[in-house]
Number of protein chains: 2
Amino acid sequence: MDVPVVNGSISGQPHVFGTKGRRDDQEIPLSWDNDCQEFKGAYAPSGSGGPDEGSRETVAEVTLRDVALASGCSVATVSRVLAGTRPVGAETVRTVRAAAERLGYRPNHVARALRSRTTGTVGLVLPQITNPFFPSLVRELEHALHAEGRAVLLADCDDDPVTEAARIGAFLGRQVDALLLIPVDERRSREAVAAAAAQVPLVLLDRGCGPGVADSVAVDNAAGMALVLDHLAATGRRRPCFVGAAGTASAAVERRAAYEAGAAALDPTAPGRVELGDFSVAWGRAAADRVWPSRPDAVICANDLIAAGALQRLRQLGADVPGEVAVTGFDDIPLAGLADPALTTVRQPVGELAAEAARLLSRRPAAADPASRHTVRLAPQLVVRGSSVPVDAAADATAGG
Amino acid sequence: MDVPVVNGSISGQPHVFGTKGRRDDQEIPLSWDNDCQEFKGAYAPSGSGGPDEGSRETVAEVTLRDVALASGCSVATVSRVLAGTRPVGAETVRTVRAAAERLGYRPNHVARALRSRTTGTVGLVLPQITNPFFPSLVRELEHALHAEGRAVLLADCDDDPVTEAARIGAFLGRQVDALLLIPVDERRSREAVAAAAAQVPLVLLDRGCGPGVADSVAVDNAAGMALVLDHLAATGRRRPCFVGAAGTASAAVERRAAYEAGAAALDPTAPGRVELGDFSVAWGRAAADRVWPSRPDAVICANDLIAAGALQRLRQLGADVPGEVAVTGFDDIPLAGLADPALTTVRQPVGELAAEAARLLSRRPAAADPASRHTVRLAPQLVVRGSSVPVDAAADATAGG
DNA sequence: GCAGCATGGGAAAACGTTCTCCGGAAACTT
DNA sequence: AAGTTTCCGGAGAACGTTTTCCCATGCTGC
């Protein structure tokens, strides 16, 4: 459909450069001052006279050299004052600071990066930003990283290992200081990840990528699954079944293994009742159809998407949730709280994951030594909602590790 | 003195990189957007199975100078060959290319940025990545931008204009080539946005920020609302009501205005039935309580979150959806297809929004002139699902995701 | 008085590109 | 044959920092 764009150009012709009176909280307009009568002869063509009526369009950047000139000392000194790399006389510090502020000096990160060989930038590479679990993780990572003054370069791989490798390469070419990576595939991502890890600090997030490849931080899937099983057992469920995902992704494998281990305690035949598909709502719906005939009293899903699909389909099939059957998810994505009834699930400690990842990244020592790889597992939290216990009893219990 | 670099020793080594299948038909890249593409060898997993690997550790970067030395010509020539900025003799091109590939040369983006005063980086600043409408937009933007060789710096503002201003400033300090911005607040973001727009190309996305401040691209909210109203009228609804958001955000205002304009045609008293809160599920639930007593036959919501809440609550109140009352949303976030019944909604042309934004960014001309601001409005698409028509009739106008 | 040593500051060399000059040679003009 | 243009290629100057030397001082301790 090529419905034409309603391409209207907002008019706004009358007021062009107004707004001169009420700009009191504005910072100093970096351009001219009587001290530095000699500015940017180089490429500032509009050295036209006049008191600069505020056309701050392409004002040439103020450089260290300008500040040096204005404060009567050398570039080196100015750098030292501003970067604090070496003690400088109190008096000098004062003049330099003043000049810098007066001129509105802003350091050029690119030049700094070139010289100091560190860009203050980390690349964040993830499979699909549209996976509903990722946004909150991205958010926390962004906050954690920005808090230490680093900027985040984002890449979305479209769930494709080839794209992933390309993005990693692009980031490396841009000399990121480090990489944060949620691998697309445990196996097919390995090669590119290992290669990248040899060049910059790299932390794997949420999913693993084979042993010894890189540092990694993730939720303790086994503990999470145990929380779910304990809760279900405590509320009298005896015939659980598991709806998970096939494949080698660590989350899929670990959650399934943990279910099988834990469910055996509940019911010796339970570990057999396992259906595997993928991490999607559609699979959740399909799995419900396959599972419901055997009348389980708990459907434990490997993530919230599956759970949402299963829940929806179960109700369509006439099942009473949670009366007849409980449904649980994993991750606590926003959707979980919105389902009807709201999903009991395992909340990932997103903030801590981000903090831990940031911490690992900052570790200076050359972590090229495979022996020093760290794998951090963080404790999740059970969030009990209506899908596993009747509403009146669902007091949103939270149980930590 | 550090470990000697790759500098001198050119030949004699059994080069690690197999020069397999040299494609000599390769054109000299004329634009800088796809340059380094061909040098994947540098970071690519060193030929799985290659004889010696470990040597690829933290080797000092190969520079232009190294390539020049190895190929027996000057740095300038190498630069020209690789960047394709000026024609170079065929013979020279060949030797240089060979040397570059053999040494695994990868251009240093930082140095390039410093010299050419362009980083190939755009900053993407948004209110909250956790807002479910944004991830797909971010995804499209990332793809569009990466496709032209630009990297995306991401910032999440936590819905706070102050943080937003700080992030914008940080990006400017990192000399992004341009800014893509979804303003937090139409009014409170304005100052920072205007200041930034004076320094780099800036495109507003999804939401406006006052007239003439910057280029902007967004969905045509009025057209979207009209699609909804037409659909509802065509299916016999006669007593619509609107649940929207208060405030000055452009989406809120435009959607409400469009409803009021369009609904008057349907029912003269309809424009009065308007409830305003915010763009949240909670408000949707609350609004359902307020609205249901007057028994509307259609609840038109300003976005999908509101609609999801309203839908959920209406059903809890015993309403028959869609038999008794239709519910519609706006945006087509993933949640919309998952609701029960699935939400009829207006799908934003996310891909086109991203493409258009990218296009506007690349416009070279000094867009400082307020008269040349562009405001692009893209046509949305109606997605009919179960919340507005009985299932058997809901032939999902478009294949949902 | 002189070696020894902090301390504060400057000149200039990197960092790895791109790009502007410039010069020489070859290829056309006149 | 002498100019004139075109074509290739090199030297080297930026770009804006950080950092390494180095040189003044002024002070201590002998």
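What you are looking at is a predicted structure, and each value in this text was computed from that prediction instead of being measured.
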Donor-acceptor contact present, side-chain [X] to main-chain [Y], <3.5 Å:
X	Y	value
B/R373	B/V213	yes
A/D158	A/D160	no
A/D215	A/V203	no
A/R174	B/G120	yes
A/E142	B/D156	yes
A/D177	A/T119	yes

Report the distance from atom CZ of B/R94 to atom P of D/dC8, rounded to the nearest whole Å. 13 Å
Rounded to 10 degrees, the angle between the two terminal axes of the helix from C/dG1-D/dC30 to C/dT30-D/dA1, each from five pairs: 50°
Side chains of A/R80 and A/V96, heavy atoms from C-beta outward: is any pair under 4.5 Å? no
Is B/E91 paired with B/R94 through a side-chain N to carboxylate O contact shorter than 4.0 Å? yes
In B/S/- notation, 5' to 3', how is nucleotides 10-17 of chain C contacted by protein heavy atoms closer than 4.0 Å? BBBBBBBB
